[in-house]
Structure formats: C-alpha cells, structure tokens
Amino acid sequence: MSHDLVIRAARAVLPTGEVPAAVFIGGGRIVAVGPADAPAPGIPEVVLAPDEVLLPGAVDTHVHVNEPGRTEWEGFDSATRAARAGGVTTLIDMPLNSIPPTVSPEALAVKQSAAAGKTHVNVGFWGGAVPSSLGSLRALWDQGVFGFKCFLAPSGVDEFPHLNRGQLLRAMDEIAGFGGLLIVHAEDPEVLEAYDTAPGRDFAAFMATRPQAAETSAIETVIAAMRETGARAHVLHLSAASALPLIAEAKAEGLPLTVETCPHYLTFDAAHVPDGATQYKCCPPIRSEENRERLWEALASGVIDFVASDHSPATADLKLAGGGDFGVAWGGIAGLQTSLAAVWTGARMRGFSLVDVVGWMSTRPAAWSGLATKGAIEAGRDADLVAFAAEEPWEVHADSLEHRNKVSAYDGAALAGRARRVWIGGVEDAAGVMVARP
Ligand SMILES: [Zn+2]
C-alpha cells in the first residue's frame with residue numbers, strides 16, 4: 001500500500017485514548033497508525049505543533065443549508081466553509097428549509113445538483129416525512145438519504161407540514177418496514193397552543209411559550225409509537241431535562257431510541273440572554289442553568305447520545321425582525337463553525353476530556369448515522385482529520401464567521417480551541433464529496 005502522507009502528533013485521540021501517534025494516509029484513507037516516531041522513509045510528512053491535537057473530524061448530523069430556494073439564508077459554499085473552519089468534516093443536511101424540501105427522489109436530485117461542486121466538506125442528506133410523502137418514503141431511502149425528519153408541531157415553513165399522531169404511526173410503520181430511521185422535532189402542538197402568548201422582548205416570557213412539557217409530551221408520543229411499530233427513532237435537539245427520566249426508561253426497556261442535544265443548550269442559559277437578543281431564539285428554547293447542567297450529566301451518562309449543531313440561520317432581517325420581539329424573529333441558531341469549540345469549552349470546564357468530546361461529536365454520530373468509515377482515527381477509516389489547538393483562546397466575532405449571514409448567538413463569546421488545519425480524505429483544502437448512506 002502506498003502512502004501519500006504521514007501526520008505526526010504528540011497528542012492524537014485514537015479509539016484507545018489520547019496518545020502520541022503517526023497516522024499514515026493513502027488513497028484518502030488511514031492506512032496505519034503507529035508510534036509517533038515510526039519510520040516513514042520517502043513519505044511526505046506533517047508534524048503538528050506541540051499545542052495541536054489530532055482529532056477525527058466532527059460529524060454534524062443536523063445542519064440546515066437551505067439551498068436551493070432560500071440560499072440567501074445559507075448555501076452549500078458558505079455552510080461547508082463554516083464547517084471546515086470549525087473542524088466539522090462531514091455534515092448531514094436537513095430536508096427543510098430549502099425549496100423544494102427534500103421529500104421525494106426528484107427533490108433530492110435538485111438538492112444534490114445544487115450542492116455539486118460547492119462543498120468543502122463531506123455532505124449527506126436527510127429526507128422528509130410530511131403528510132404528502134407518506135407511502136413513498138422507500139423510494140427516497142433507496143436514493144441514499146440517511147433517514148427521515150418529521151415535525152410533530154408546525155415547522156415554521158408552510159412547505160414542510162407536521163405529522164399528526166395518526167400520520168406519525170403511518171410514517172414509523174412504513175420506516176420500520178425497510179429498517180430506516182425517523183428523526184423527530186418533538187414538541188407537542190397542543191401544549192404549545194395552551195401557552196401561546198406574545199412574549200415581546202422578554203426572553204423568560206418567550207421560554208414560557210415553549211415549556212418543557214411540550215417536549216416531554218411529544219417524546220411520550222414517539223416512545224408509544226416506537227412500541228407499536230418497532231421503528232427506530234431519534235429525538236432532535238433535546239432541550240428539556242424533564243424528559244431525561246422518560247428517555248432513560250425507554251432505553252432501559254430496550255427501545256432503539258437515540259437523542260441529541262445542541263451546543264447552545266450546553267453553553268447558554270436563559271438568565272444570561274439579554275431581552276430583545278433574538279439571535280438566541282431557537283425552538284425548543286435555551287432554558288435555565290440548572291437544566292443545562294442536567295443535560296451535561298445526561299451526556300456523560302449516555303442518556304443523551306451525542307451533540308449536533310442544529311445550525312439554522314436565516315437572513316439578518318428575519319433573525320432580527322420585530323426589533324427584538326421574540327414572537328416575531330426567526331427561530332434558529334447559527335452555530336456550525338463554533339460547535340466543536342463551544343462544546344470543548346464547556347466540557348473542559350466540567351472536567352471532561354477531548355476523548356469525551358470526540359465521542360459526542362464524531363464517533364457516536366458517525367456510527368449512529370451509518371457512516372462506518374468516519375468518526376475515528378484507525379486503519380481503514382477515511383482520513384478526515386483536524387489539527388485542533390485545544391488551548392488557543394477564541395473570542396468569537398460574528399462578522400468573521402464563514403456562514404452567510406453574520407448573526408450569531410456566539411458573538412463575543414470567549415471559547416477555547418481552534419481547528420488550525422483540516423484534512424478531508426487526507427487532503428487539505430480539498431473539495432468535499434457527497435456521501436450517501438452506505
Ligand atoms: Zn433543525
């Protein structure tokens with residue numbers, strides 16, 4: 001086997017832990033991993049700086065790229081530049097808020113051609129389960145989507161309607177039939193309606209319109225439907241710690257339920273969100289400090305499986321619409337580029353290691369989504385690698401982030417950790433490829 005490159009690192013996060021290592025790369029893959037001083041005659045060599053740690057690139061399974069149709073919100077070029085700058089080497093794109101939404105093989109083809117030639121990291125696609133796509137999900141699965149997203153409450157865009165309980169059962173029954181995966185925006189519309197008030201500029205009032213009970217009730221519905229249909233299901237962007245006991249019980253029962261949370265729920269807390277600061281608006285919302293600490297504990301114990309960014313930007317006009325009115329502004333946080341550093345910053349503060357962060361942001365999401373050749377530094381895997389300067393301070397300035405609209409809840413945040421160099425398939429500055437479910 002010929003080698004194209006060897007990367008030597010005083011610190012590398014391998015499946016066995018953090019050790020010094022030499023990583024041999026050939027044909028886009030990791031060919032061998034040896035001791036840091038392993039001889040490599042004639043092979044081009046990169047030696048990482050003493051403050052850099054070699055990590056498998058992050059795999060972000062929850063990103064809204066929005067192209068085509070809402071490319072002014074975000075597009076493949078800018079989103080994948082942001083990903084690469086943040087150490088994310090693979091992202092999986094959500095079926096909304098692009099137009100058309102990815103709910104048919106034809107719409108997937110439109111999305112793939114919109115992405116072609118514009119990606120700077122690996123990109124894969126989710127399909128959508130909406131009322132009109134029920135009964136024809138298999139065709140989309142066969143085209144290589146990683147699974148199907150549905151909402152149980154209004155999604156925020158008219159072209160992606162939510163499923164009612166009966167439709168959820170139909171979707172899960174269908175998906176179970178071909179061994180697919182349903183990923184769910186779990187908020188109960190009846191609970192949301194009961195708390196529907198005008199929050200104005202008050203963040204606490206906004207938080208009260210999306211209570212924890214909305215998440216808990218919707219997750220109960222999903223778990224009941226899993227028992228009935230046998231389908232695999234995944235709870236997206238969990239914010240409510242009150243749902244954790246329910247999730248732990250479902251897992252103990254042996255149901256194939258998985259859960260993600262997001263960097264913003266692990267980083268921010270409601271008391272520190274200024275009134276009118278709609279860059280922090282997302283649904284479900286950022287909650288209390290006590291709630292945040294329970295999410296960290298659940299991540300440590302495995303009740304929460306992994307972390308994904310839910311990068312969901314819009315134009316600055318929409319994000320700041322209403323002059324700070326949380327009822328009017330678009331809900332969604334732009335956090336793709338900051339996700340790895342934000343989670344690492346919170347993790348090290350709480351005594352976790354980079355090995356933990358790699359598990360939450362690379363190994364587990366890769367394994368869960370079926371990307372068996374990603375998520376770890378070991379022979380046979382893709383050479384998607386990051387030289388991460390773990391202790392480098394980073395004061396985030398929204399206007400220097402790579403995503404299209406320079407609005408971010410992280411503006412002004414003091415983070416630690418920069419992705420200094422990134423290899424996709426063993427090549428720096430390479431164009432990424434589109435990945436299908438293997
Ligand atoms: Zn989302």
Side-chain angles (χ1 to χ4, degrees), residues 61-62 149-153 168 172 181-192 195 204 206-227 231-273 280 282-310 333 335 339 342-343 346-347 349-352 356-357 359-361 363-365 367-369:
T61 55
H62 192 154
K149 179 177 196 180
C150 75
F151 280 73
L152 300 185
L168 175 71
M172 288 176 73
L181 168 66
L182 186 74
I183 62 176
V184 185
H185 180 119
E187 287 185 288
D188 182 326
E190 284 171 29
V191 178
L192 294 180
Y195 288 83
F206 166 64
M207 187 173 71
T209 67
R210 320 277 314 196
Q212 303 211 27
E215 290 185 72
T216 307
S217 169
I219 292 167
E220 276 169 359
T221 300
V222 172
I223 291 170
M226 290 179 79
R227 286 201 193 98
R232 264 199 314 151
H234 175 77
V235 173
L236 297 160
H237 48 52
L238 181 79
S239 163
S242 64
L244 292 167
L246 188 66
I247 292 162
E249 273 170 42
K251 289 186 167 196
E253 184 185 328
L255 293 175
L257 176 70
T258 51
V259 179
E260 73 188 29
T261 191
C262 306
H264 39 275
Y265 303 129
L266 296 168
T267 301
F268 303 117
D269 68 274
H272 290 89
V273 176
Y280 291 90
C282 60
C283 299
I286 292 161
R287 302 188 190 276
S288 70
E289 186 178 348
E290 185 259 336
N291 185 83
R292 178 185 70 191
E293 296 312 309
R294 288 179 65 194
L295 296 178
W296 277 103
E297 286 162 19
L299 199 51
S301 70
V303 173
I304 294 176
D305 294 86
F306 59 86
V307 180
S309 73
D310 193 9
I333 286 182
S339 62
V343 173
M349 192 185 291
R350 292 170 177 81
F352 297 107
D356 296 314
V357 173
W360 300 329
M361 301 192 74
T363 312
R364 288 200 209 159
W368 167 79
S369 58

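- Within the model, atoms CD of Glu215 and NE2 of His237 stand 8.0 Å from one another, a figure rounded to the nearest 0.5 Å.
- Atom CG in Leu295 sits 6.0 Å away from atom CG in Leu244 (nearest 0.5 Å).
- Within the 4.5 Å cutoff, side-chain heavy atoms of Ile219 are placed close to those of Leu238.
- Atom CG of residue Leu182 and atom SG of residue Cys150 lie 4.0 Å apart, to the nearest 0.5 angstrom.
- Using modelled atom types, no side-chain atom of Lys149 and backbone atom of Leu236 make a donor-acceptor pair closer than 3.5 Å.
- Across all their heavy atoms, Asn291 and Ser239 have their closest contact at ND2-O, 2.7 Å.
- The two residues Ala233 and Val222 make their nearest non-hydrogen contact at CB-CG1, 3.9 Å.
- Checked options Asp305, Thr258, Thr363; the residue passing with Trp368 is Thr258 (criterion: side-chain contact (heavy atoms from CB on, under 4.5 Å)).
- Formation of a donor-acceptor pair under 3.5 Å by the Tyr265 side chain with backbone atoms of Pro284 is found in this model.
- Counting all heavy atoms, side chain and backbone alike, Arg364 lies closest to Gly302 at NH1-CA, 4.3 Å.
- Judged by distance alone, with hydrogens and angles left aside, the side-chain atoms of Ser301 form a donor-acceptor pair with the main-chain N or O of Ala298 at under 3.5 Å.
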* Assess whether side chain to side chain contact (heavy atoms under 4.5 Å, CB included) is satisfied between Asp310 and Ile333, documenting all intermediate values. => CA-CA 7 Å; Asp310 193 9; Ile333 286 182; over 6 Å; no
* Asked: Does the side chain to side chain contact (heavy atoms under 4.5 Å, CB included) test come out yes or no for Val307 and Ser339, once each step is laid out?
  -> CA-CA 9 Å; Val307 180; Ser339 62; over 6 Å; no
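- Taking the side chain as every heavy atom from C-beta outward, Pro285 and Phe268 never approach each other to under 4.5 Å.
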* **Test log, rule side chain to side chain contact (heavy atoms under 4.5 Å, CB included), inputs Met207 and Ile286** => CA-CA 7 Å; Met207 187 173 71; Ile286 292 161; over 6 Å; no
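- Here the CG atom belonging to Asp269 is positioned 14.0 Å from the NE2 atom belonging to His264, to the nearest 0.5 angstrom.
- Closest of all the heavy-atom pairs between Phe206 and Cys282 is CZ-O, 3.7 Å.
- Between Arg350 and Asp356, none of the side-chain N atoms (NZ, or NE/NH1/NH2) sits under 4.0 Å from a carboxylate O, so this pair counts as no salt bridge.
- Listed for the Arg287 side chain is no donor-acceptor partner under 3.5 Å among the backbone atoms of Arg292.
- Using a 30° and 60° split on the angle between ring planes, Phe306 and His234 fall in the parallel class, below 30°.
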* To do: Using the side chain to side chain contact (heavy atoms under 4.5 Å, CB included) rule, take Leu266 and Trp296 through it: C-alpha gap first, then chi angles, then the decisive distance, then the call.
  => CA-CA 7 Å; Leu266 296 168; Trp296 277 103; 3.7 Å; yes
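- The nearest pair of heavy atoms linking Pro263 to Ala342 is CB-CB, 4.4 Å.
- For the atom pair Met226 CE and Thr221 OG1, the distance stands at 13.0 Å (nearest 0.5 Å).
- Distance OG/Ser242 to CZ/Arg294: 7.0 Å, rounded to 0.5 Å.
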